[in-house]
Amino acid sequence: MPKITLLPNEEFCPDGAEIEANVDESILDAALRNNIMIEHACEKSCACTTCHVIVREGLDSLEEAEEQEEDYLDKAWGLEPESRLSCQAKVGTEDLVIEIPKYTINMVSEAH
């Protein structure tokens with residue numbers, strides 16, 4: 001089972017976390033299943049950028065982003081070449097190191 005290491009994020013996992021993921025499971029689903037509540041305002045339908053993450057290690061093990069995901073990523077705060085929407089990026093067989101950006105462009109948080 002591949003592992004996802006989440007780097008510390010003040011809001012979502014202050015101490016960082018290491019979780020197990022299933023192959024072909026989205027990064028977002030693995031995080032949510034482990035009580036790491038990454039925002040996802042569009043209910044995982046690839047219609048926003050709130051679940052934006054930066055894949056610091058293991059990016060090559062993920063399938064390439066589809067055009068719709070890339071179009072939304074262009075609008076993400078803090079976009080980097082290693083950016084992905086965690087609702088769309090499916091875990092492969094390699095371990096990943098993920099950074100959750102400090103900000104999103106979400107106007108309304110689902111947690112409130």
Side-chain angles (χ1 to χ4, degrees):
M1 219 176 217
K3 290 181 193 156
I4 300 176
T5 301
L6 292 119
L7 299 175
N9 175 286
E10 186 177 311
E11 184 175 350
F12 300 104
C13 54
D15 298 324
E18 188 172 285
I19 61 175
E20 290 190 348
N22 298 310
V23 172
D24 240 12
E25 178 178 33
S26 73
I27 293 170
L28 177 60
D29 284 338
L32 294 174
R33 186 170 46 75
N34 285 276
N35 297 314
I36 299 168
M37 299 298 145
I38 297 174
E39 287 190 65
H40 53 288
C42 72
E43 291 299 318
K44 309 177 201 173
S45 65
C46 194
C48 73
T49 64
T50 58
C51 71
H52 168 228
V53 297
I54 302 164
V55 183
R56 294 294 180 202
E57 292 180 25
L59 181 66
D60 291 341
S61 69
L62 304 175
E63 290 185 15
E64 293 208 18
E66 293 187 8
E67 186 175 345
Q68 183 177 4
E69 179 183 355
E70 291 197 2
D71 288 346
Y72 277 101
L73 279 170
D74 286 342
K75 302 170 188 167
W77 182 90
L79 181 67
E80 295 191 19
E82 299 82 17
S83 290
R84 292 296 303 265
L85 296 181
S86 63
C87 71
Q88 300 300 302
K90 305 284 187 190
V91 177
T93 57
E94 291 182 30
D95 294 346
L96 302 173
V97 176
I98 303 295
E99 179 180 348
I100 303 169
K102 186 172 182 176
Y103 301 107
T104 72
I105 60 170
N106 193 14
M107 300 299 240
V108 179
S109 175
E110 288 191 352
H112 299 112

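Residues Met37 and Val53 share a hydrophobic cluster, clusters being chains of Ile/Leu/Val/Met/Phe/Trp/Tyr side chains in contact below 4.5 Å.
Across every non-hydrogen atom of Ser61 and Gly58, the tightest pair is OG-O, 2.7 Å. Of all heavy-atom pairs between Glu20 and Asn34, the closest is O-ND2, 3.8 Å. A pairwise comparison of heavy atoms in Cys42 and Ala47 identifies SG-N, 3.3 Å as the closest pair. The two residues Thr50 and Cys48 have their closest heavy-atom pair at OG1-SG, 3.2 Å. In terms of heavy atoms, Cys51 sits closest to Ile38 at CA-CG2, 3.9 Å. In plain terms, the two heavy atoms of Pro14 and Pro8 that are nearest each other are O-CB, 3.4 Å.
Residue pairs meeting the salt bridge (Lys or Arg N to Asp or Glu O under 4.0 Å) criterion with at least one member in residues 86-100, sequence neighbours excluded: Arg56-Glu99. Residue pairs meeting the ring pair (Phe, Tyr, Trp, His ring centres under 6.0 Å) criterion with at least one member in residues 6-38: none, sequence neighbours excluded.
Annotation: the span from Ile27 atom CD1 to Ile19 atom CD1 amounts to 9.0 Å, rounded to 0.5 Å. If you take CG on Leu7 and CG on Asp15, they are separated by 12.5 Å, rounding to the nearest 0.5 Å. Remark: Cys13 SG to Ile100 CD1 distance equals 4.5 Å, nearest 0.5 Å. Note: Ile36 CD1 to Leu28 CG = 10.5 Å, rounded to the nearest 0.5 Å.
Annotation: side chain to side chain contact (heavy atoms under 4.5 Å, CB included) contacts of Asn22 (sequence neighbours excluded): Met1, Glu25, Arg33. Listed by chain and number, the residues in a side chain to side chain contact (heavy atoms under 4.5 Å, CB included) with Pro101 are His52, Ile54, Trp77 (sequence neighbours excluded). With sequence neighbours left out, the side chain to side chain donor-acceptor pair (under 3.5 Å) criterion links Asn9 to no other residue.
Results of the side chain to side chain contact (heavy atoms under 4.5 Å, CB included) test with Val55 over Leu62, Ile4, Asp60 single out Leu62 as the only residue that passes.
Heavy-atom neighbours of Glu80 CD from other residues, nucleotides or ligands within 6.0 Å: above the threshold of 12.
Within the 4.5 Å cutoff, no side-chain heavy atoms of Thr5 are placed close to those of Glu57. Proximity of His40 to Cys87: side-chain heavy atoms (C-beta onward) are nowhere separated by under 4.5 Å. Using a 4.5 Å heavy-atom cutoff, the side chains of Leu96 and Pro2 are not in contact.
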For a quick test of your reading: what N or O donor-acceptor pairs under 3.5 Å do the side chains of residues 69-76 make, sequence neighbours left out?
| residue | atom | partner | partner atom | Å |
| --- | --- | --- | --- | --- |
| Glu69 | OE1 | Arg84 | NH2 | 3.0 |
| Glu69 | OE2 | Arg84 | NE | 2.8 |
| Glu69 | OE2 | Leu85 | N | 2.9 |

